[in-house]
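Reviewing the structure listed below.
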Amino acid sequence: GTLLEFENVPWDAIYPSSVHSLHNWLMRRKKTVPPYDAFLDRFVELLERRRARIHAEMREYQITPLVRELVAGFKITLKGGELSAAVDAYYASIRRQVTVFPEAKGTLARLKELGYTLGLLSNTPFRVKDHRQELEHFGLWPYFDAAIFTSTITHRKPHPEPFTMIAERLGAPLARSLYIGDRQLEDVQGPQGVGMTACLIRRPGKKYQEGLTESCEIWSLEELILRL
């Protein structure tokens with residue numbers, strides 16, 4: 001992550017926990033649910049179908065339709081606000097393990113003091129409200145002039161669409177925009193493809209493809225201030 005770390009637990013370990021939370025929530029609501037293993041297997045099948053679209057077309061998916069399809073396949077009816085509450089139950093396990101990088105808030109504050117316009121662009125299938133709550137909880141949300149979560153648009157990084165959209169919302173020319181992220185394909189090659197300058201932040205424990213020469217590399221957000 002760049003500001004928040006979502007992978008303190010590997011995603012393939014988070015998903016079963018999230019599905020288990022959803023399964024338990026449905027049982028507490030007196031819904032007729034299948035055994036957990038069958039429920040998880042069906043979730044994985046639906047998820048892999050969506051992942052295939054990501055790899056083939058860079059198209060984002062949304063968690064709410066996935067949960068709707070999952071429960072409908074077992075003839076479980078959700079009424080009123082139950083679907084949103086079911087997604088809340090699913091997301092709870094993810095939220096519990098999210099942390100903020102200690103230098104994140106101070107760096108954003110300093111950038112605003114220096115007069116920079118700041119945008120946030122995140123690949124995610126989750127709802128805007130989930131991420132906004134996290135950013136507000138850690139005190140980061142007020143620093144952004146615009147934010148795009150790819151669950152609200154068609155494509156995800158490294159497709160050009162998210163980068164051009166965030167630049168348009170910020171009123172920032174692509175050639176004068178700097179993009180910072182911790183993934184080489186999504187956060188370096190993607191923005192460079194639309195004419196942005198990109199800077200890779202190397203996080204300890206993350207795997208990076210060696211042999212690629214990045215035009216800008218930092219090991220902490222604090223280093224960014226020194227490079228501007």
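We count residues from 1, following the sequence as given.
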Please identify which of these residues, F138, W141, F6, F144, meets the ring pair (Phe, Tyr, Trp, His ring centres under 6.0 Å) condition with H131. F6
For the pair D88 and R127, evaluate salt bridge (charged side-chain N to carboxylate O under 4.0 Å, His left out) and give the outcome as yes or no after the intermediate values. CA-CA 10 Å; D88 289 342; R127 301 168 299 184; 2.5 Å; yes
Identify the heavy atoms of I166 and M196 that sit nearest to each other, and give their distance. CG2-CE, 4.3 Å
Just so I know, are the side chains of E7 and K206 near enough to count as touching, which here means a heavy-atom distance under 4.5 Å? yes
Going by heavy atoms in the side chains, are E186 and P158 under 4.5 Å from each other? yes
Residues D187, I180; criterion side chain to side chain contact (heavy atoms under 4.5 Å, CB included); working and verdict: CA-CA 7 Å; D187 300 325; I180 302 102; over 6 Å; no
On a heavy-atom basis, which atom in L78 and which in A86 lie closest, and how many Å separate them? CD1-CB, 4.1 Å
Without hydrogens or angle criteria, can the side chains of K129 and Y91 be said to hold a donor-acceptor pair below 3.5 Å? no
Between R96 and S93, do the side chains contain an N or O donor and an N or O acceptor separated by less than 3.5 Å? yes
Heavy-atom pair with the smallest gap, counting every atom of A38 and F74: O-CZ, 3.8 Å
Nearest atoms (heavy-atom pairs only) where H159 meets P162: O-CD, 2.9 Å
Of all heavy-atom pairs linking G190 and F163, the shortest is C-CE1, 3.6 Å
Under the criterion side chain to side chain contact (heavy atoms under 4.5 Å, CB included), I'd like the reasoning laid out for L40 against H23: C-alpha separation, chi angles, the key distance, then a yes or no. CA-CA 9 Å; L40 176 61; H23 190 265; over 6 Å; no
E69 versus R49: any side-chain heavy-atom pair under 4.5 Å? yes
Side chain to side chain contact (heavy atoms under 4.5 Å, CB included), that's the test. Do T107 and F101 meet it? Break it down for me. CA-CA 10 Å; T107 301; F101 287 101; over 6 Å; no
Is Y36 linked to L26 within one hydrophobic cluster, defined over Ile, Leu, Val, Met, Phe, Trp and Tyr using a side-chain heavy-atom separation of less than 4.5 Å? yes
The reported gap from CD1 in I218 to CG in L200 (rounded to nearest 0.5 angstrom) is 8.5 Å
Looking at CG of L70 and CD of E45, how far apart are the two atoms once the value is rounded to the nearest 0.5 Å? 10.5 Å
Return the NZ to OG distance between K157 and S122, rounded to the nearest 0.5 Å. 6.0 Å
Cluster overlap Y179 with L3, hydrophobic side-chain contacts below 4.5 Å: no
Any V67 side-chain heavy atom under 4.5 Å of L83 side chain: yes
Can you confirm whether R227 is buried at CZ, in the sense that more than 12 heavy atoms of other residues, nucleotides or ligands lie under 6.0 Å from that atom? yes
Shared ILVMFWY cluster between L121 and V98, side chains joined below 4.5 angstrom? no
For the OG1 atom of T197 and the CG atom of L174, what is their distance to the nearest 0.5 Å? 10.5 Å
For S151, is there any backbone N or O sitting under 3.5 Å from a side-chain donor or acceptor partner on Q62? yes
What verdict does the salt bridge (charged side-chain N to carboxylate O under 4.0 Å, His left out) test give for E82 and K79, after you've listed the backbone C-alpha separation in whole Å, the side-chain angles of each residue and the deciding distance to 0.1 Å? CA-CA 5 Å; E82 285 187 323; K79 299 179 180 179; over 6 Å; no
Let me confirm one number: the CZ-OG1 distance from F126 to T150, rounded to the nearest 0.5 Å. 10.5 Å
Measure the shortest side-chain to side-chain distance between L22 and F39 over non-hydrogen atoms and say whether it is less than 4.5 angstrom. yes
Got L120 and L140 here, is their nearest side-chain heavy-atom distance under 4.5 Å? no
For side chain to side chain contact (heavy atoms under 4.5 Å, CB included), just list the numbers for N24 and M27, CA-CA rounded to whole Å, side-chain angles, deciding distance to a tenth of an Å, and then say yes or no. CA-CA 5 Å; N24 284 343; M27 289 195 296; 3.3 Å; yes
According to a hydrophobic-cluster definition based on side-chain heavy atoms being under 4.5 Å apart (Ile, Leu, Val, Met, Phe, Trp, Tyr only), do M58 and M165 belong together? no
Should D130 and T124 count as side-chain neighbours, where that means a heavy-atom distance under 4.5 Å? no
Check: Q184 and R202 side chains under 4.5 Å, non-hydrogen atoms: yes
Please give me the minimum heavy-atom distance between A146 and L170, naming the atom from each residue. CB-CD2, 3.7 Å
So F43 and Y15, would you call those rings parallel, tilted or perpendicular, with 30° and 60° as cut-offs? tilted
Under a 4.5 Å side-chain heavy-atom rule over Ile, Leu, Val, Met, Phe, Trp and Tyr, are L226 and L224 clustered together? no
Enter the distance from R156:CZ to R59:CZ here, rounded to the nearest 0.5 Å. 13.0 Å
Inspect the contact between E48 and R51 and indicate whether a charged nitrogen and a carboxylate oxygen are less than 4.0 angstrom apart. yes
Contacts of E103 that satisfy salt bridge (charged side-chain N to carboxylate O under 4.0 Å, His left out) - sequence neighbours left out: R203
